[in-house]
Amino acid sequence: MVVDDMTDENTFVNNDVNIAETDENNLREILRVRREKLNELKRNNKDPFKEVKYEVNSSSLQIKENFESMEGQRVSIAGRIMSKREMGKASFCDIQDRDGRIQLYVRINEVGEEAYEDFRKYDIGDIIGVEGEVFKTKKGEISVKIDKIKLLAKSLQPLPEKWHGLRDVELRYRQRYVDLIVNPEVKETFIKRSKIIKSVRKYLDNRGFLEVETPLLNPIPGGANARPFITHHNTLDIDLYLRIAPELYLKRLIVGGLEKVYELGRMFRNEGMSIKHNPEFTMMEVYQAYADYKDMMDLAEGIITTAAMEVTGGTKIVYQGEEIDLTPPWNRITMLEAVKKYAGIDFDQITGDEEARRVAKERGIQVEENAKWGEVLNAFFEEYVEDNLVQPTIVYDYPVEISPLTKRKPDRPELTERFEIFIVGREFGNAYSELNDPIDQRERFLDQMRKREAGDEEANMIDEDFLNALEYGMPPTGGLGIGIDRLVMLLTDSYSIRDVLLFPTMRPRT
RNA sequence: GACCCAUUAGCUCAGUAGGCAGAGCACUUGACUUUUAAUCAAGGUGUCCGGCGUUCGAAUCGCCGAUGGGUCACCA
């Protein structure tokens with residue numbers, strides 16, 4: 001908007017905080033006082049919200065790290081007031097910028113009487129820009145002796161207590177902005193998250209993988225067993241699903257000849273929430289033509305250990321009190337061996353679905369009435385094995401029944417060339433030699449369809465276009481998916497997925 | 001979805017046997033020109049998550065509900 005001749009802007013702008021909106025009379029004392037301060041600033045033509053820019057030439061960290069060379073130099077910095085210690089005609093306060101905190105020394109002689117009186121009214125939480133000289137106090141704290149100070153934004157809400165910070169988990173998730181202001185370790189976690197994602201991208205980019213973007217809005221959700229979110233497009237008048245996995249699109253690109261592709265992005269699954277599950281989460285999937293699942297094992301180790309190195313400086317980490325050694329190579333064990341080891345049952349000796357179900361019944365393992373051999377094997381794996389896989393372990397050769405998109409082992413068609421990565425008893429990745437036989441893929445889809453008709457809402461739907469793509473010929477291909485949120489949890493020692501999501505899904509407050 | 005736990009001042013938390021609702025920080029006023037959880041003096045905090053009930057009397061006991069957390073189930 002362009003307004004000419006705005007000689008008296010008070011004609012256009014209500015100078016006071018909107019009383020009707022804030023219902024000032026009903027505000028608590030602590031909130032009312034700050035609004036009154038703002039109104040007074042406006043009356044004195046010092047409305048901080050009219051400031052548009054502040055020239056900053058240093059930061060708290062820069063000053064602290066380079067004190068020797070910067071002592072006595074003038075700097076211009078800005079940040080949020082986090083504490084104040086007033087002593088009459090001189091004061092100390094700490095401001096916080098993106099790098100941390102630094103102490104300011106504000107003296108009436110330096111800033112002048114009017115500015116000093118204004119400063120005394122500034123609140124913890126206000127944002128200021130200051131200029132002054134770098135020095136060290138008697139007690140040895142690196143500080144800035146201020147001679148110019150400007151209020152850049154007024155904080156109308158009091159910050160949480162300086163000592164305990166914000167502890168209320170619900171408030172921390174709902175008002176992450178406050179959490180970030182007062183809990184430094186939260187900021188640290190999200191900086192690490194960003195580094196991990198950068199590291200994964202860099203690792204793949206350096207190896208010639210092409211980052212691509214495939215649709216989030218899918219006519220047919222595929223690539224995983226999960227219930228999707230449904231939405232509607234008005235112009236096309238069709239329901240669309242939010243993607244549950246990018247797999248089928250990425251494999252179309254392999255058919256198209258891109259050969260080495262990956263996508264790192266948000267997935268959506270309309271399922272339960274827990275410390276490990278959020279309805280939207282981030283996953284990386286990578287596909288490489290002419291490679292197999294063994295290649296994907298090496299790739300997975302490389303991606304994860306490189307991220308660990310970049311974020312923690314090593315490959316030995318501690319997660320929730322447990323020492324984890326990510327140094328490759330990781331343990332590798334077949335699912336059959338693992339079940340034999342931890343459950344004491346050799347599924348190689350069990351022939352047929354019926355016998356498998358009988359063994360499950362004996363052990364009190366719940367399986368579907370018509371569960372197949374492979375499904376029973378998987379049930380045993382989940383019940384007996386997973387929790388034991390604390391150190392990084394690659395479990396491979398999964399049964400075909402639970403792997404509808406995976407190539408069979410040439411010598412054992414009831415098994416597939418698939419593996420999952422387990423660390424601290426949790427799944428971190430899933431990979432396989434991709435099924436590229438369109439005839440077999442159609443059979444697998446039909447099998448999934450039968451499960452769907454039997455009431456399994458998570459079973460795959462038939463994706464005819466994907467089958468069509470396979471019919472053009474997809475080279476032998478290795479694919480790998482890594483749950484990024486879980487990786488971030490592992491490398492930041494976070495207990496809950498909500499601690500690595502800036503804005504976790506919450507029920508709206510009424 | 002089931003079960004368990006939590007909800008008290010802006011924040012962090014006490015609270016009782018069912019009997020006037022508390023502390024620290026923050027805030028207000030005053031003192032203080034090198035403090036750092038600054039200090040000193042004085043001062044006001046409130047839908048005790050909501051509703052219903054029991055009771056002379058409920059923050060406290062009961063029931064229903066809300067939100068969050070945890071465990072389990074499903075999943076990555």
Side-chain angles (χ1 to χ4, degrees), chain A residues 26-34 36-37 81-94 101-111 116 120-121 123-125 135-143 145 155-175 178-179 181-183 223-228 244-245 247 267-285 366 382 386 402 420-422 426-430 456-458 481-487 489 495-499 504 506-510:
Chain A
N26 290 335
L27 282 179
R28 306 232 184 294
E29 174 77 14
I30 200 160
L31 299 179
R32 212 185 64 232
V33 166
R34 292 197 176 201
E36 279 168 4
K37 285 181 180 178
I81 299 175
M82 298 305 292
S83 68
K84 273 178 96 181
R85 293 172 293 282
E86 287 183 58
M87 297 159 305
K89 295 190 169 60
S91 298
F92 288 92
C93 72
D94 298 329
R101 294 187 185 186
I102 190 160
Q103 178 172 263
L104 307 181
Y105 182 42
V106 187
R107 213 159 68 121
I108 195 166
N109 311 36
E110 256 80 31
V111 296
Y116 191 77
R120 292 183 72 139
K121 295 199 185 88
D123 288 303
I124 287 172
F135 79 113
K136 203 180 254 185
T137 63
K138 269 203 283 200
K139 298 277 172 65
E141 177 156 352
I142 294 166
S143 309
K145 188 183 289 178
S155 168
L156 298 178
Q157 294 280 351
L159 284 176
E161 197 214 341
K162 60 185 171 187
W163 198 237
H164 299 95
L166 186 65
R167 293 276 177 80
D168 186 304
V169 182
E170 184 175 353
L171 279 179
R172 287 187 43 225
Y173 296 154
R174 287 189 193 278
Q175 302 184 32
V178 181
D179 194 27
I181 292 168
V182 299
N183 294 326
N225 296 341
R227 287 169 60 187
I244 56 174
E247 174 158 352
M267 308 297 148
F268 307 86
R269 298 189 184 176
N270 202 343
E271 289 173 348
M273 296 164 67
S274 77
I275 53 166
K276 291 183 285 185
H277 301 88
N278 195 69
E280 52 179 307
F281 64 101
T282 300
M283 188 162 61
M284 188 285 297
E285 285 199 12
Q366 283 223 329
E382 286 176 0
E386 280 190 6
I402 59 163
E420 292 192 326
I421 300 158
F422 289 88
R426 287 179 192 170
E427 190 189 332
F428 278 77
N430 182 17
D456 182 356
E457 284 186 79
E458 292 170 3
I482 291 177
I484 296 295
D485 310 284
R486 290 191 179 176
L487 181 60
M489 287 168 71
Y495 178 67
S496 169
I497 194 169
R498 294 184 200 96
D499 294 323
M506 304 284 276
R507 196 184 290 272
R509 289 217 92 146
T510 45

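Residue numbers begin at 1 in each chain, while the letters A, B, ... track the order of the sequences.
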Next on the checklist: Does the structure show Phe428(A) stacking with A76(B), if we require the centres to be closer than 5.5 Å and the planes to be within less than 30 degrees of parallel?
Outcome noted: no

Between Tyr116(A) and Ser91(A), the two heavy atoms sitting closest are OH-OG, 2.7 Å

Between NZ of Lys162(A) and P of U12(B) the distance, given in whole Å, is 16 Å

Next item on the list: Write down the distance separating the P atoms in C64(B) and C4(B), rounded off to the nearest Å.
Entry: 11 Å

Please tabulate the protein-to-nucleotide N/O contacts below 3.5 Å involving nucleotides 22-24 of chain B, giving atom names and distances.
from   : atom 1 : to        : atom 2 : distance (Å)
G24(B) : N2     : Glu161(A) : OE1    : 3.2

For Leu166(A) and Val178(A), the nearest pair of non-hydrogen atoms, with its separation, is CD2-CG1, 3.9 Å

note: Tyr105(A), atom OH; U36(B), atom P; distance rounded to Å ~ 13 Å

Practice prompt. Using the P atoms only, state how far A66(B) lies from A37(B), rounded to an integer number of Å.
Written response: 45 Å

Between G19(B) and A42(B) - P atom distance, rounded Å:
30 Å

Phe135(A) vs Tyr105(A) aromatic rings, parallel, tilted or perpendicular, using cut-offs 30° and 60°? tilted

### Message
Whether the side chain of Lys84(A) engages the backbone of Arg120(A) through a donor-acceptor N/O pair (distance < 3.5 Å, no angle test) should be reported.
### Response
yes

### Query
If the C1' atom of U36(B) is compared with that of A76(B), how far apart are they to the nearest Å?
47 Å

Winner on side-chain proximity to Phe92(A), out of U28(B), U71(B), U34(B), is U34(B)

